[in-house]
A.B. asks: 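Sending over a structure as structure tokens; questions will come in a sec.
All chains are named by letter (A, B, ...) in the order of the sequence lines, taking the proteins before the strands, and each is independently numbered beginning at 1.
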There are 2 protein chains.
Amino acid sequence: MKERTDWPPELKKTKQREEIYRILELAEKPLSVNEIYVRIDRALCQKYHVAVSTVYRIMFAFEKHHLVIKSTLMGDETALYEMNRGGHKHYAICLKCHKLVPLEMCPFEKVQIQTKDNDFTITSHKIEIYGYCKVCQNNLQKQGEDK
Amino acid sequence: MKERTDWPPELKKTKQREEIYRILELAEKPLSVNEIYVRIDRALCQKYHVAVSTVYRIMFAFEKHHLVIKSTLMGDETALYEMNRGGHKHYAICLKCHKLVPLEMCPFEKVQIQTKDNDFTITSHKIEIYGYCKVCQNNLQKQGEDK
DNA sequence: ATCAGTGCAAACGATTTGCACCTCG
DNA sequence: CGAGGTGCAAATCGTTTGCACTGAT
């Protein structure tokens, strides 16, 4: 099964792009441009500098070539990017610690979506689940008992 | 069945707030702050002026009191507000004309969401469906034939 | 009279762009 | 060599905030 993470031939290779690609590959979660920017500087240790605007431009190019997936979370205006690893993924977001908990499967696999006249052709979807992760849940409970 | 659209007593009534409330009641779709701003000016016809910052502050207050629901759509950073009419609603968004087509029901009513250890307590969710509405679908088809 | 609500302009943070220079292919 | 990529700084866009003033209760 071929992953979708191969480099598109029409995308010129530069050290900046390869560095960002590497960072996204290693990322444990979707990253903001600023997080990427910081990780570049950390990885490059002054060898050379990458401009923020370059990061934006590269993310734009990556997105266009479907190398990455862009998303935004509720109550936050900054965009997040993660490597497009084929089969799509959804997250549950903890309202307290903001941790992202990946869902095991896409809940839509089993669902039919209905509009008024069923005249809408679906090409993609986005789901965000909000609530509390186990840790925060336990903490909240404890706080309730401590009184 | 009581609607959630009654005015919270702790929210002072002012002409600005009442005007915005009216606009949201009449709105056929979620509105951006700017759209609200334009509609106010149109409705008030120079009688007096409402500042953009005021609109933001009022939307913040309305949101806090659950009078409105705030949301953001993919590929657009501006926030949208719609009157909270109780039972929540989702939309299918046309990628071509950007029309919002309301879903008949929440697809999650029938679905179980699973995280790794099922240790996540869900309090809310957000769904966005993307694709093509009937009109745009037909247009695309026609374009295909015309050659 | 009091305190929340408002207008205005300035501040802000994320993202974009214009332009000169650089580098991959 | 030439087109496309990059760095830098300035511009833009949505949103927020400080402050003095106004208005609802």
A.B. asks: Of all residues at least two apart in sequence or in a different chain, which pass the side chain to side chain contact (heavy atoms under 4.5 Å, CB included) check with B:P102?
C.D. replies: B:K89, B:Y91

A.B. asks: For the residue pair A:I20 and A:M59, establish whether any side-chain heavy-atom pair is separated by less than 4.5 Å.
C.D. replies: yes

A.B. asks: Calculate the interatomic distance between B:L73 atom CG and D:dG14 atom C1'; express it in whole Å.
C.D. replies: 16 Å

A.B. asks: How would you list, by chain and number, every residue that makes a side chain to side chain contact (heavy atoms under 4.5 Å, CB included) with A:A43, sequence neighbours excluded?
C.D. replies: A:E19

A.B. asks: Do you know the tightest heavy-atom contact between A:P8 and A:H65?
C.D. replies: CG-CB, 3.7 Å

A.B. asks: Report, as a single string ordered 5' to 3', how protein heavy atoms within less than 4.0 Å touch nucleotides 15-25 of chain D: B base, S sugar-phosphate only, - not at all.
C.D. replies: BBBB----BSS

A.B. asks: Measuring to OP1 and OP2 of C:dT23, would you say a side-chain N or O of A:Q16 lies under 4.0 angstrom away?
C.D. replies: no

A.B. asks: Rounded to whole Å, please give me the gap between CE in A:M59 and C1' in C:dA14.
C.D. replies: 15 Å

A.B. asks: For B:E18, which residues count as a salt bridge (Lys or Arg N to Asp or Glu O under 4.0 Å) partner, sequence neighbours excluded?
C.D. replies: B:K13

A.B. asks: Expressed as a whole number of angstroms, how long is the span from A:W7:CH2 to D:dG5:C1'?
C.D. replies: 12 Å

A.B. asks: In residues 121-131 of chain B, what donor-acceptor pairs under 3.5 Å come from side-chain atoms, sequence neighbours left out?
C.D. replies:
| from | atom 1 | to | atom 2 | distance (Å) |
| --- | --- | --- | --- | --- |
| B:T121 | OG1 | A:Q137 | OE1 | 2.4 |
| B:T121 | OG1 | A:Q137 | NE2 | 3.2 |
| B:T123 | OG1 | A:Y130 | O | 3.3 |
| B:H125 | NE2 | B:H88 | NE2 | 3.4 |
| B:H125 | NE2 | B:H90 | NE2 | 3.1 |
| B:K126 | NZ | B:T72 | O | 3.1 |
| B:K126 | NZ | B:E128 | OE2 | 3.4 |
| B:E128 | OE1 | B:M74 | N | 3.4 |
| B:E128 | OE1 | B:Y130 | OH | 2.2 |
| B:Y130 | OH | B:M74 | N | 2.9 |

A.B. asks: Parallel, tilted or perpendicular: which describes the rings of B:W7 and B:F62, with under 30° parallel and over 60° perpendicular?
C.D. replies: perpendicular

A.B. asks: Please state how far atom CD in A:E19 lies from atom C1' in D:dT6, giving the value in whole angstrom units.
C.D. replies: 15 Å

A.B. asks: To the nearest angstrom, how far is B:F62 atom CZ from C:dA4 atom P?
C.D. replies: 18 Å

A.B. asks: Take atom CD1 of A:I36 and atom P of C:dA14, then tell me their distance rounded to the nearest Å.
C.D. replies: 14 Å

A.B. asks: Let me test you: for the helix from C:dA1-D:dT25 to C:dA14-D:dT12, what is the angle between the axes at its two ends (five pairs each), rounded to 10 degrees?
C.D. replies: 20°

A.B. asks: Can you measure A:I58 atom CD1 to D:dG5 atom C1' for me and round it to whole angstrom units?
C.D. replies: 8 Å

A.B. asks: What integer distance in Å separates A:R17:CZ from D:dG7:P?
C.D. replies: 11 Å

A.B. asks: Using atom types as modelled and distance alone, determine if a side-chain donor or acceptor of A:R17 lies under 3.5 Å from a backbone N or O of A:I58.
C.D. replies: no

A.B. asks: Membership question, hydrophobic clusters at under 4.5 Å side-chain separation (ILVMFWY): are B:I40 and B:Y48 in the same one?
C.D. replies: yes

